[in-house]
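Take a look at the structure below.
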Amino acid sequence: MQNTYTLIRTAIRKLLHSLTRKADFDSQLLAGLKLNYQERKKPAIDWSNAEAREALLNDLVNDALRVLEVTATLPLTETEPKLRTILEKVTFQDIDPKADGKEFQIKMGVAEDRLISTVDHDMRHGRKSAARTFNGYKTHIAMVQEFEFIGAVEVTPGNIYDGQVAKDLIDQQPEDRRPQRMIGDHCYGAGPICKGMEERHIEVVDPVTEARDPRWFSSRKSTFKWTLRPNPAVSL
């Protein structure tokens, strides 16, 4: 995982590297950038000093804004629009303008769907529990409970809610082998997930808990039940 300073600096460096390799690129368009983006090493500042960190942050953000402004009207190669989009995202996801509108500061909290690496653009912050976090991906597995046979696998960024992939895990399986019952933890008992399973005529078995977000409420007092063909249950 990269911090805000590294994300912005690396994103600028990658886009500049691509731009300056072109023979017809006018380097004067980007004259006046505060920092040297030829080097990979971390800027030599006193990282324990809040004022030094703030000054570096403002130099990075202003350089990023300058690069974004210049590249907005330039003809770009096939890969450069994506590099520019990454730069735009990492520049604004963690930054708020100060009250004077001239300087910037790191915002409180964590941005939704925060990009955490300019190397792997799809990895995200994830959470195993209220106290345990991780960075990367989740592997979601549907397994036939009786035989411990894996019926489907889905890999997602770490910030994807477990229950969101339930439909994908079911739909991956051949129709004649899909389960009549899905067993999982409380993540699979939320209202929208149950509705998706109801549309597929699948019974949901999970612990009934009180949802904090009303959009994910569970309206049942017991599990859904249907009369279906006798397929084995699948555990998620």
Can you see which heavy atom on [X] is nearest to which on [Y], and at what distance?
X: Thr118; Y: His121; answer: O-NE2, 3.0 Å
X: Lys107; Y: Ile95; answer: CE-O, 3.4 Å
X: Ile193; Y: Met182; answer: CG2-CE, 4.3 Å
X: Arg178; Y: Gln173; answer: NE-O, 3.0 Å
X: Gln172; Y: Val153; answer: NE2-O, 3.0 Å
X: Leu76; Y: Pro81; answer: CB-CD, 4.0 Å

Is any NZ, NE, NH1 or NH2 atom of the basic residue among [X] and [Y] found under 4.0 Å from an Asp or Glu carboxylate oxygen of the other?
X: Arg124; Y: Glu112; value: no
X: Glu80; Y: Lys14; value: no
X: Asp171; Y: Arg200; value: yes
X: Lys195; Y: Glu199; value: yes

Discussion item. Can you confirm whether more than 12 heavy atoms, excluding those of Lys34, are under 6.0 Å from its NZ atom?
Written reply: no

Is a side-chain donor or acceptor of [X] paired with a backbone partner of [Y] at a separation under 3.5 angstrom?
X: Thr71; Y: Leu74; value: no
X: Lys138; Y: Ile160; value: yes
X: Asp63; Y: Leu33; value: no
X: Arg84; Y: Leu68; value: yes

Are any of the side-chain heavy atoms of [X] and [Y] separated by less than 4.5 Å?
X: Thr77; Y: Lys22; answer: yes
X: Leu87; Y: Leu83; answer: no
X: Gln180; Y: Ile202; answer: no
X: Glu54; Y: Lys98; answer: yes
X: Leu29; Y: Asp26; answer: yes
X: Leu15; Y: Leu19; answer: yes
X: Leu30; Y: Tyr37; answer: no
X: Asp122; Y: Tyr137; answer: yes

Hey, could you give me the [atom1]/[atom2] distance between [X] and [Y], rounded to the nearest 0.5 Å?
X: Lys89; Y: Ile8; atom1: NZ; atom2: CD1; answer: 13.0 Å
X: His125; Y: Arg114; atom1: NE2; atom2: CZ; answer: 4.5 Å
X: Arg9; Y: Glu39; atom1: CZ; atom2: CD; answer: 9.5 Å
X: Glu203; Y: Cys194; atom1: CD; atom2: SG; answer: 10.5 Å

Worksheet item: For Asn3 and Thr6, does a side-chain donor sit closer than 3.5 Å to a side-chain acceptor?
Response: yes

Worksheet item: Under the ring-ring contact (aromatic ring centres under 6.0 Å, His included) test, which residues partner Tyr5, sequence neighbours left out?
Response: Trp47

Worksheet entry | Lys/Arg cation over aromatic Phe134: Lys128, 6.0 Å, 45° cone | yes

